[in-house]
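From a predicted model like this one, the values you see are computed outputs, not experimental measurements.
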Amino acid sequence: MRRLTSRACWSFLVVLGQICVTYATPQVTCGSVIKLQHANTGVNLHSHEISYGSGSGQQSVTGYTGGDDANDYWAVRGVQVDSCHQGTPLSSGNKVKLYHTSTQKWLHSHLFPSPLTNNQEISAFGNAHSSDTGDIWVLEWDKSKSTWEQDQPIRFKHQDTGSYLSSHSKKFNRPITGQQEVCAKAKSKDANWLATEGVYFPPQKD
């Protein structure tokens, strides 16, 4: 699938009588539906209707490299229904929820151990009308950019526990053979993610 980005904003640069069109880097705003790629290993944040066989028994969340897969898409939502209108720019320190569009559950964490490394389990939980504070993530990145942009390294800090969404090279066996564990743990190089393919809504001013 080709990368879908917003092309609503651009600037024109006139050089030696020629017009060059330079597109702005798309911003990840409220309502964007994106893939999140783990910066270190290249896997996409993924979920599916397969539950963990241990821990919470909730729907599993993994890292996946299987190409164009609808189970890799996550919608960026606000903590409250009306707190993050479509196109609202997002800054470091903002709180969001990530909604798995295929299975209609929220990216979630809690104090159950992750199955492969005994870090903190990441699951998909609830539904469009059922959510709790375990679904809330604080956006965090180095302050060189004021808003979240495509292909920009970013961290997701879990509000309830202070741990960071992470992955590593350890892989599952059946029934999800070859998929990578996603967990939460202390901030490290394993906690960086990039927004890649997706539907990006242009920033809206108040």
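Summarising the local packing, NZ of K157 is surrounded by 12 or fewer heavy atoms from other residues, nucleotides or ligands at distances under 6.0 Å.
Residues L194 and D151 approach most closely at CD2-O, 3.8 Å, considering heavy atoms. Residues T29 and P89 share a closest heavy-atom pair of CG2-CA, 4.1 Å.
Taking CZ of R77 as the start and CG of L107 as the end, the distance is 13.5 Å to the nearest 0.5 Å. Between Q179 atom CD and S47 atom OG the span is 9.5 Å, to the nearest 0.5 Å. Note that CG of D72 is 8.5 Å distant from CD of E197, once rounded to the nearest 0.5 Å. Atom CD of Q59 and atom OG of S123 lie 8.5 Å apart (nearest 0.5 Å). Taking CD1 from I122 and CG from L45, the interatomic distance works out to 8.5 Å, rounded to the nearest 0.5 Å. With values rounded to the nearest 0.5 angstrom, I154 atom CD1 is found 11.0 Å from E149 atom CD.
Between the S102 side chain and the A70 main chain, a donor and an acceptor come within less than 3.5 Å of each other. For N94 (side chain) and V138 (main-chain N/O), no donor-acceptor pair under 3.5 Å exists by modelled atom type. Between the S130 side chain and the N127 main chain, no donor and acceptor come within less than 3.5 Å of each other.
T196 and Q150 are not linked by any side-chain donor-acceptor pair at a separation below 3.5 angstrom, with hydrogens and angles left out of the test. Looking only at atom types and distance, the side chain of S114 has no donor-acceptor partner in the side chain of N119 under 3.5 Å away. If you check the side chains of E140 and Y164, you find a donor sitting under 3.5 Å from an acceptor. When only modelled atom types and interatomic distance are considered, Q180 and T62 share no side-chain donor-acceptor pair under 3.5 Å. No donor-acceptor contact under 3.5 angstrom links the side chains of K143 and S92, judged on distance only. Side chain to side chain, E121 and H110 meet the donor-acceptor criterion of an N or O pair below 3.5 Å. For the residue pair D190 and H168, no side-chain donor N or O sits within less than 3.5 Å of a side-chain acceptor on the partner.
The hydrophobic cluster containing I136 does not contain L90, counting ILVMFWY residues as joined when their side-chain heavy atoms lie under 4.5 angstrom apart, directly or transitively.
Contact check for I50 versus P175: side-chain heavy atoms found under the 4.5 Å cut-off. The shortest distance between side-chain heavy atoms of D69 and N44 does not fall below 4.5 Å.
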**OP:** Determine, stepwise, if the pair F172 / L116 fulfils side chain to side chain contact (heavy atoms under 4.5 Å, CB included).
**Re:** CA-CA 8 Å; F172 289 98; L116 298 186; 3.9 Å; yes
**OP:** Could you please spell out the steps behind the side-chain hydrogen bond (donor to acceptor under 3.5 Å, both in side chains) verdict for H48 and S60?
**Re:** CA-CA 7 Å; H48 37 226; S60 58; 2.8 Å; yes
**OP:** Report the C-alpha separation of L139 and V96 in whole Å, then their side-chain angles, then the decisive distance to 0.1 Å, and conclude whether the side chain to side chain contact (heavy atoms under 4.5 Å, CB included) test is met.
**Re:** CA-CA 7 Å; L139 303 178; V96 299; 3.7 Å; yes
Original post:
Given F125 and Q58, is the side chain to side chain contact (heavy atoms under 4.5 Å, CB included) satisfied, shown in steps?
Top reply: CA-CA 7 Å; F125 175 75; Q58 293 175 5; 3.4 Å; yes
**OP:** Verify side chain to side chain contact (heavy atoms under 4.5 Å, CB included) between Q159 and W137, making sure each step is shown before the conclusion.
**Re:** CA-CA 6 Å; Q159 175 186 265; W137 299 86; over 6 Å; no
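Note on D135 versus K95: no salt bridge recorded, every NZ/NE/NH1/NH2 to OD/OE distance being 4.0 Å or above. Salt-bridge check for K170 with E181: failed, with every basic side-chain N at 4.0 Å or more from each acidic carboxylate O.
Applying the side-chain contact (heavy atoms from CB on, under 4.5 Å) criterion to T65, with sequence neighbours excluded, gives V43. Residues passing the side-chain contact (heavy atoms from CB on, under 4.5 Å) test with T161, sequence neighbours excluded: L111, Q120, H158, S163.
Taking the ring centroids of H100 and W106, they lie at or beyond the 6.0 Å cut-off.
Aromatic ring pairs are classed by plane angle as parallel below 30°, tilted from 30° to 60° and perpendicular above 60°; the pair W148 and F156 is perpendicular.
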